[in-house]
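Values below: all heavy atoms of this structure, side chains included; hydrogens, waters and symmetry mates excluded. Numbers restart at 1 for each chain; the letters A, B, ... are given by sequence-line order, proteins then strands.
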Amino acid sequence: MSVSKSEQAALDAVPSIPRNDDGPVFVEPWQAQAFAMTIALYDAGRFTWPEWAEALSDQLRQAGAEQQGEDYYRHWLSALEQLSSAKGLTNGPELAARKDAWDRAAHATPHGEPIVLGAELASD
Amino acid sequence: MAHDHHHDHDHDHSELPEMDLRVRALESLLVEKGYVDPAALDIIIDTYENKVGPQNGARVVAKAWSDPEFKKWLLDDGSAAIVSLGYSGRQGEHMDVVENTDDVHNMVVCTLCSCYPWSVLGLPPVWYKSAPYRSRAVIDPRGVLAEFGVSIAEDKEVRVWDSTAEMRYLVLPQRPDGTEGWSEEQLAALVTRDSMIGTGLALSPDQVPA
């Protein structure tokens, strides 16, 4: 499996990323999604790897975190939310409102239909 | 809105896990504002589809093909049989294994989101999560299968299994002809990811390098 330049840069900047010989490993799909968003934002020039490494280590330090598996990416996502807010891409209240909207959308969706954001967002 | 807050996922409404909600919230905002291109995300994730790897699932299938006792257990209690091989889901979801036969072809979808037996198949492919697959797999399974290059005889029943957060499905494909006496390891090489989702068939011996 080849690792792209950006991914290699991420691996170099953040040595704690769980990985095997092929590159990063993920335990659940959302973790890959969070990882991919980070790479995509970096590719778009939204932050540097040192900035990212600092944001992530802040989270890990705060949590006194176990750095493996599910917990690791839990902190990863917190760091991404944090850094995205610090860079003005989003903010806490907006994220909370959107998360709530997804939750309501899921609850309002009968099983068998795709969950989409709809009326929940009209008031945003 | 449902008035009953008992979490009955299968019937009246759906629920997404906390981390899934947070990821969706951030992603949908970043995409909407144009900071992230969803196609670029798909490309990055695509790289990992085969990484966690469907090889765990392939070993399960190869063992079932080789060991009738194990196969019986697998079909009776998929979760336990799969855990016995060391592959367990983190969320303790149930695993139901459905067997393809001469009369029945099974395929798996999650119409809701992307529930997927990733303890045995790795990350779901991008198409599995796509709205067209999720909606069309139920309405027109034969049409979808045809697009995957799988044609199912008219008189063969096609069953579509809709996954939930609690119940995941794995298809046990039919063992290809011409594989008598093969070892489990040889057999596992014939088992593709798609054959365990039901959008493909197991490879025939002439489709793998000797």
Worksheet item: Of all of B:L41, B:L26, B:V36, which one pairs up most often with chain A through heavy atoms under 4.5 Å apart?
Response: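 Sorted descending by pairs with chain A, the first entry is B:L26.
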
Residue [X] versus chain B: region with a heavy atom under 4.5 Å:
| X | result |
| --- | --- |
| A:T90 | both |
| A:S85 | neither |
| A:A40 | both |

Discussion item. Using a 4.5 angstrom heavy-atom cutoff, name the option from A:A44, A:S78, A:S84 with the most pairs to chain B.
Written reply: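 Option with the top pair count is A:S78.
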
Fill in: Atom CD of A:Q82: over 12 foreign heavy atoms under 6.0 Å
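It does not: A:Q82 CD has 12 such atoms or fewer within range.
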
Worksheet item: Are more than 12 heavy atoms from other residues, nucleotides or ligands located less than 6.0 Å from atom CD of A:E54?
Response: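 Not more than 12 within 6.0 Å, no.
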
Worksheet item: Where is the tightest heavy-atom contact between B:K33 and A:L89, given as atom of each residue plus distance?
Response: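 Scanning both residues, the minimum pair turns out to be NZ-O, 3.0 Å.
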
[atom2] on [Y] to [atom1] on [X], rounded to 0.5 Å:
| X | Y | atom1 | atom2 | value |
| --- | --- | --- | --- | --- |
| A:L80 | B:E27 | CG | CD | 10.5 Å |
| B:L30 | A:M37 | CG | CE | 6.5 Å |
| A:K99 | B:E18 | NZ | CD | 3.5 Å |
| B:R22 | A:R74 | CZ | CZ | 7.5 Å |
| B:L16 | A:H107 | CG | NE2 | 8.0 Å |

Fill in: Note, A:W102 side chain near B:S28 side chain (heavy atom, < 4.5 Å)
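Yes - at least one pair of side-chain heavy atoms lies under 4.5 Å apart.
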
